[in-house]
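The structure under discussion appears below in the form of structure tokens.
Remember, it's a predicted structure, so these values are computed and weren't measured experimentally.
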Amino acid sequence: MLRRLAVQDPDLIEAVADVDRSLIRLALAQAPLDRLRSSSNMMRTLMRFRREPTSEGR
């Protein structure tokens, strides 16, 4: 499978190598409710980017 991915999408294989696994471990160390709260906060932050107009007036 990895060989096939490496041929079809070498950028994906390179990106996987660059993943900061310490952030994944940190998230998994949190209680499920805390992970849900964190993801909800991140969603609200990202949604603000969609709603706020840019400097170009969009």
Cut-off 3.5 Å, no hydrogens considered: what does the side-chain donor-acceptor table look like for residues 19-32, sequence neighbours left out?
{"residue": "D20", "atom": "OD1", "partner": "S22", "partner atom": "N", "Å": "3.1"}
{"residue": "D20", "atom": "OD1", "partner": "S22", "partner atom": "OG", "Å": "2.5"}
{"residue": "D20", "atom": "OD2", "partner": "S22", "partner atom": "OG", "Å": "3.4"}

Report task. For R44, enumerate each residue passing the side-chain contact (heavy atoms from CB on, under 4.5 Å) test, keeping only those at least two apart in sequence or located in another chain. Result -> S40, N41
Requested in this report: Treating Ile, Leu, Val, Met, Phe, Trp and Tyr as nodes and any side-chain heavy-atom pair under 4.5 angstrom as an edge, say whether F49 and M42 lie in one connected cluster.
Outcome: yes
**Report entry** Partners meeting salt bridge (Lys or Arg N to Asp or Glu O under 4.0 Å) with R35 (sequence neighbours left out)
**Finding:** none
**Report entry** Partners passing salt bridge (Lys or Arg N to Asp or Glu O under 4.0 Å) against D34 (at least two apart in sequence or in another chain)
**Finding:** R37
